[in-house]
Participant: 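If you scroll down you'll find the structure; I have some questions about it.
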Amino acid sequence: MLDIKKLRSNFQEVKEKLDKRGEDISELDKFEELDEKRRSLIQKTEELKQRRNTVSQEVAQLKREKKDAEHLIKETKEVSADIKKLDEELKQVEETLHQLMLRVPNIPHESVPYGEDEADNEEVRKWGDIPSFSFDAKAHWELADELQMMDFERASKVTGSRFVFYKGTGAKLERALINFMMDLHEEEHGYEELLPPYMVNHDSMTGTGQLPKFEEDAFQVKEEDYFLIPTAEVPVTNLYRDEILQAEDLPLAYVAYSACFRSEAGSAGRDTRGLIRQHQFNKVELVRFVKPEDSYEALEMLTGHAEKVLQMLDLPYRVMNMCSGDLGFTAAKKYDIEVWLPSYEDYKEISSCSNFEDFQARRANIRFKRDRKSKTEFVHTLNGSGLAIGRTVAAIMENYQQADGSIKIPEVLRPYMRNKEYIQK
RNA sequence: GGAGAAGUACCCAAGUGGCUGAAGGGGCUCCCCUGCUAAGGGAGUAGGUCGUGUAAGCGGCGCGAGGGUUCAAAUCCCUCCUUCUCCGCCA
């Protein structure tokens, strides 16, 4: 959510910046009128409330002195009726304004390149060598089948499309990656480990920005007002919702493993084979709460932590600076890390690292105080995948495949895989 | 799921309609006393948010949340949430 005061005082400027996202922001035109109306209603009711308060005191005084207060009581009766009417009107205006504000996206940072879609994203750096195969390289779903690492067909029977059973070494590889990443971020990068709830309530989904605009992307638990989390970002960022933190507690850094659930509404027909686009997938997520002045440095650091995983696994990747048109609703700046996938003959997103500045903190009301006397300020929140596990499995299988159909296990994972060197029949 | 109890400020806690727009204590901050520490004495301590104002300030809201009754609600009524205890069920 944007700062209403800032929006009020720089309306045209903010509008122009938002316009770079290429989204329809015509709704924003109602802002000024609503804001004006709200403030004038507040002034009117508060004036009346002040009157009611003083008269109430006078009534109390007269009653104590056993004097007659009828005339005052009659007046207050009328004043209270007016207050009630105005309060109802104010409540409606505030609700309308709030709903409007919840649907306004974040302002892109100045370092975000202008562009319309993913074609305009800017490559920041590239790492590793793209493998060349002296044989016909297979896609991970073919390898998974031959090496009996996954069962997509039976998962469709048991649940539906876009679900998978990992089996045997497939399941072991997935679990090895979770543990490897958790250990790396916890032991080497200084993140505290969390294992969050996989369902969250309506307020949490609103806090991180999934609601109200993207309700159709999430799975909802009927009759409970709970949602299956699309990412651990949601429960972890909402950990401190409606709280005031101490400056000396910042930065806070958490790493959380969770399963993630996405309806993939609007993705019908895309990435239909293999692990790339599932309704349920595993992910290790990094979340940071920082002081405003530290957030851009923190974004670089966090992105580096995610990259480190790919470096240790020796998987080729590139880092993209998302352009204004491909930023997503909540981010002020976002880097996507894309891993090389031989079956796509292209780089494919494996991590998304974002600085939300105070956008989520405002929605979720996460604040901090610099010291006892200072005003509260909103923290800045960041997060990034470190990494998406399923896509990492796919990348390892495809990049590490051998001529004989086996898959070499990256060295750093071997301690998690009984020190085996290869996955083979 | 059933039955009960409770939610008041940083913590504990008093408070069944109007000098409670929240007593008292602890803690915390400052000061005094003491060679230091402990003990003791004094003062301060509603955080937050919204409106208004260049500002000092002024004003509105606030006792788990939301409604209602009343001229007036922490206090009365309704709904909900959370926590605790017991029973049932369960990994």
Side-chain angles (χ1 to χ4, degrees), chain A residues 1-11 31-102 195-207 211 221-227 235 238-250 259 358 360-379:
Chain A
M1 205 153 61
L2 301 182
D3 181 357
I4 276 191
K5 286 173 189 159
K6 212 161 149 189
L7 187 56
R8 184 185 300 150
S9 53
N10 305 300
F11 188 69
F31 170 79
E32 285 179 304
E33 191 194 326
L34 282 168
D35 180 53
E36 191 89 8
K37 185 131 190 234
R38 168 173 175 269
R39 285 186 293 156
S40 95
L41 281 169
I42 284 173
Q43 282 171 46
K44 280 186 209 157
T45 54
E46 289 193 353
E47 210 172 288
L48 293 176
K49 280 175 185 170
Q50 190 177 355
R51 178 73 193 144
R52 180 176 65 185
N53 286 342
T54 43
V55 174
S56 271
Q57 286 303 314
E58 285 165 30
V59 171
Q61 183 67 29
L62 289 173
K63 291 258 171 182
R64 254 179 268 117
E65 291 167 6
K66 309 267 190 230
K67 290 182 186 160
D68 179 54
E70 259 330 293
H71 62 293
L72 289 178
I73 287 176
K74 205 177 153 201
E75 185 200 330
T76 318
K77 213 169 189 166
E78 284 163 23
V79 171
S80 284
D82 289 345
I83 289 173
K84 196 171 173 183
K85 230 167 60 194
L86 284 172
D87 265 348
E88 270 161 26
E89 203 180 331
L90 175 62
K91 203 172 153 189
Q92 272 209 327
V93 170
E94 290 201 311
E95 182 56 22
T96 309
L97 183 61
H98 186 63
Q99 286 306 320
L100 169 72
M101 291 306 291
L102 284 178
L195 202 50
Y198 291 0
M199 293 183 203
V200 295
N201 58 32
H202 202 275
D203 287 344
S204 293
M205 290 290 274
T206 305
L211 293 181
V221 178
K222 290 286 168 212
E223 289 153 25
E224 275 287 357
D225 191 31
Y226 291 163
F227 293 82
N238 279 283
L239 191 63
Y240 294 113
R241 174 151 52 81
D242 293 321
E243 291 192 36
I244 300 174
L245 304 166
Q246 307 289 323
E248 58 264 32
D249 295 335
L250 300 175
D358 64 4
Q360 291 183 325
R362 273 179 200 284
R363 292 175 155 251
N365 198 25
I366 307 168
R367 294 164 297 167
F368 79 105
K369 270 171 107 94
R370 292 190 189 265
D371 57 63
R372 262 169 52 95
K373 298 246 160 157
S374 58
K375 291 200 319 181
T376 59
E377 295 174 57
F378 289 102
V379 301

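Sequence lines set the chain letters: A, B, ... in the order given, protein chains first and strands last, and positions in each chain run from 1. Just so it is clear, the structure is predicted and the values come from calculations on it, not from any experiment.
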Participant: Measuring only the P atom in each nucleotide, how far is A14(B) from G7(B)? A whole number of Å is fine.
Facilitator: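 After rounding to an integer number of Å, I get 8 Å for this pair.
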Participant: Which whole number of Å gives the distance between the P atom of G18(B) and that of A72(B)?
Facilitator: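 Looking at atom P only, G18(B) and A72(B) are 14 Å apart.
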Participant: Using atom C1' of each nucleotide, how far apart are A74(B) and C61(B) to the nearest Å?
Facilitator: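 The same atom, C1', in both gives a distance of 15 Å.
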Participant: Tell me, please, which residues at least two apart from R52(A) pass side-chain hydrogen bond (donor to acceptor under 3.5 Å, both in side chains).
Facilitator: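 By the side-chain hydrogen bond (donor to acceptor under 3.5 Å, both in side chains) rule, R52(A) matches no residue at all.
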Participant: Residues two or more places apart in sequence or in another chain: which of them pass side-chain contact (heavy atoms from CB on, under 4.5 Å) with E36(A)?
Facilitator: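 With neighbours one apart ignored, the set is R39(A).
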Participant: I'd like the P distance from C11(B) over to G47(B), given in whole Å.
Facilitator: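 About 14 Å, rounded to a whole number of Å.
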Participant: Rounded to the nearest 0.5 Å, how far apart are CG of D35(A) and CE of M101(A)?
Facilitator: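 Interatomic distance, D35(A) CG to M101(A) CE, rounded to 0.5 Å: 9.0 Å.
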Participant: Rounded to whole angstrom units, what separation is found between the CE atom of M1(A) and the P atom of U49(B)?
Facilitator: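 So the CE-P distance, M1(A) to U49(B), works out to 13 Å.
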Participant: Going 5' to 3' through nucleotides 66-82 of chain B, assign each nucleotide B (protein heavy atom under 4.0 Å from a base atom), S (under 4.0 Å only from sugar-phosphate atoms) or - (no protein heavy atom that close).
Facilitator: -S-S-BS----------
Participant: What closest approach, in Å, do I4(A) and F31(A) show between heavy atoms, and which atom pair accounts for it?
Facilitator: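 Shortest heavy-atom contact: O-CZ, 3.9 Å.
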Participant: Quick one: is R38(A) getting a side-chain N or O under 4.0 Å of the C50(B) phosphate, OP1 or OP2?
Facilitator: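 No, R38(A) has no side-chain N/O under 4.0 Å of OP1/OP2 on C50(B).
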Participant: Please give, in whole Å, the distance from G47(B) P to K375(A) NZ?
Facilitator: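 Nearest whole value for this atom pair: 15 Å.
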Participant: To the nearest angstrom, how far is E95(A) atom CD from C50(B) atom P?
Facilitator: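 After rounding, the gap between these two atoms is 17 Å.
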Participant: Shorter than 3.5 Å, N or O on both sides, protein versus nucleotides 19-23 of chain B: list them out with atom names.
Facilitator:
| from | atom 1 | to | atom 2 | distance (Å) |
| --- | --- | --- | --- | --- |
| G21(B) | N2 | N53(A) | ND2 | 3.1 |

Participant: How many whole angstroms separate atom CD of E243(A) from atom C1' of G47(B)?
Facilitator: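 It is 15 Å, rounded to the nearest whole Å.
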Participant: State which residues pass side-chain hydrogen bond (donor to acceptor under 3.5 Å, both in side chains) with E32(A); sequence neighbours excluded, sorted by chain then number.
Facilitator: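 In terms of side-chain hydrogen bond (donor to acceptor under 3.5 Å, both in side chains), with neighbours along the sequence ignored, E32(A) is linked to no residue.
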Participant: For G4(B) versus U79(B), give the span between their P atoms, rounded off to a whole number of Å.
Facilitator: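 Going atom to atom, P in each nucleotide, I get 14 Å.
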Participant: Please list, chain by chain and in numerical order, all residues satisfying side-chain contact (heavy atoms from CB on, under 4.5 Å) with Q43(A), sequence neighbours excluded.
Facilitator: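 Checked Q43(A) against side-chain contact (heavy atoms from CB on, under 4.5 Å); zero matches.
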Participant: Is a donor on one side and an acceptor on the other found under 3.5 Å between the side chain of R363(A) and the backbone of T206(A)?
Facilitator: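 Indeed, once roles are kept as given, a pair shorter than 3.5 Å links the two residues.
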Participant: Under the side-chain contact (heavy atoms from CB on, under 4.5 Å) test, which residues partner T376(A), sequence neighbours left out?
Facilitator: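 In terms of side-chain contact (heavy atoms from CB on, under 4.5 Å), with neighbours along the sequence ignored, T376(A) is linked to I244(A), R367(A), K369(A).
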Participant: Below 4.0 angstrom, which residues in residues 3-11 of chain A have at least one non-hydrogen atom near RNA chain B?
Facilitator: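 Here the set is K5(A), R8(A).
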Participant: In whole angstrom, what separates E94(A)'s CD from G60(B)'s C1'?
Facilitator: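 Rounding to the nearest Å, CD of E94(A) and C1' of G60(B) are 12 Å apart.
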Participant: Figure out the NZ/P separation between K49(A) and G60(B), and round it to whole Å.
Facilitator: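 Checked: the NZ to P distance equals 10 Å.
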Participant: What nucleotide, of U49(B), U52(B), G60(B), holds the atom closest to the side chain of T376(A)?
Facilitator: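 Per side-chain heavy atoms of T376(A), the pick is U49(B).
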Participant: Return one dot-bracket line describing RNA chain B 5' to 3' (Watson-Crick or G-U wobble pairs, both distances under 3.5 Å; ( ) same strand, [ ] crossing, | another strand, . none).
Facilitator: ((((((((.[[[..)..(.....]]]((((((.......))))))..(((((....)))))..[[[[[..)....]]]]])))))))....
Participant: Using the C1' atom on both, measure U69(B) against C81(B) and round to a whole Å.
Facilitator: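 My reading of the C1' atoms in U69(B) and C81(B) gives 23 Å.
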Participant: Measuring only between side-chain heavy atoms, which start at C-beta, is L41(A) closer than 4.5 Å to Q92(A)?
Facilitator: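 Contact flag for L41(A)/Q92(A) side chains = no.
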Participant: Testing the 3.5 Å rule here: is there a donor-acceptor pair between the side chains of S204(A) and N201(A)?
Facilitator: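 The criterion, which ignores hydrogens and geometry beyond distance, is satisfied for N201(A) and S204(A).
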Participant: Enter the distance from F368(A):CZ to E248(A):CD here, rounded to the nearest 0.5 Å.
Facilitator: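 CD of E248(A) is found 11.0 Å from CZ of F368(A).
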Participant: If each of V55(A) and E377(A) is mapped to the nucleotide of RNA chain B with the nearest heavy atom, which maps nearer the 5' terminus, i.e. the 5' end?
Facilitator: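 Its nucleotide being nearer the 5' end, the pick is V55(A).
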Participant: To the nearest Å, give me how far apart CG (L86(A)) and P (C61(B)) are.
Facilitator: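 That distance rounds to 14 Å.
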Participant: Taking atom CD1 of I42(A) and atom CD of E94(A), what is their separation to the nearest 0.5 Å?
Facilitator: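 Going from CD1 on I42(A) over to CD on E94(A), the span is 5.0 Å.
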Participant: Sequence neighbours left out, what passes ring-ring contact (aromatic ring centres under 6.0 Å, His included) with Y240(A)? Give chain and number order.
Facilitator: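 With sequence neighbours excluded, Y240(A) shows a ring-ring contact (aromatic ring centres under 6.0 Å, His included) to F289(A), given in chain and number order.
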Participant: Rounded to whole angstroms, how far apart are CG on L97(A) and C1' on G51(B)?
Facilitator: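 Interatomic distance, CG of L97(A) to C1' of G51(B): 14 Å.
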Participant: Taking side-chain contact (heavy atoms from CB on, under 4.5 Å) as the definition, give me every residue that meets it alongside N10(A), ordered by chain and number, with sequence neighbours left out.
Facilitator: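 Partners of N10(A) by the side-chain contact (heavy atoms from CB on, under 4.5 Å) criterion, ordered by chain and then number, come out as K6(A), E13(A), V14(A).
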Participant: Pull up the glycosidic torsion of G62(B) and say syn or anti, syn being anything within 90° of 0.
Facilitator: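 It is syn.
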Participant: Using atom P of each nucleotide, how far apart are A6(B) and C19(B) to the nearest Å?
Facilitator: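 A6(B) and C19(B) have their P atoms separated by 26 Å.
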Participant: Which donor-acceptor pairs under 3.5 Å do the side chains of residues 76-86 of chain A make with protein atoms, sequence neighbours left out?
Facilitator:
| from | atom 1 | to | atom 2 | distance (Å) |
| --- | --- | --- | --- | --- |
| T76(A) | OG1 | L72(A) | O | 2.8 |
| S80(A) | OG | T76(A) | O | 3.2 |

Participant: Determine the interatomic distance between C1' on G60(B) and the same-named atom on C76(B); round to the nearest Å.
Facilitator: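 G60(B) and C76(B) have their C1' atoms separated by 25 Å.
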Participant: Establish, with yes or no, whether the OP1 or OP2 oxygen of G59(B) is under 4.0 angstrom from a side-chain nitrogen or oxygen of Q50(A).
Facilitator: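 Checking G59(B) against Q50(A), no side-chain N or O comes under 4.0 Å of OP1 or OP2.
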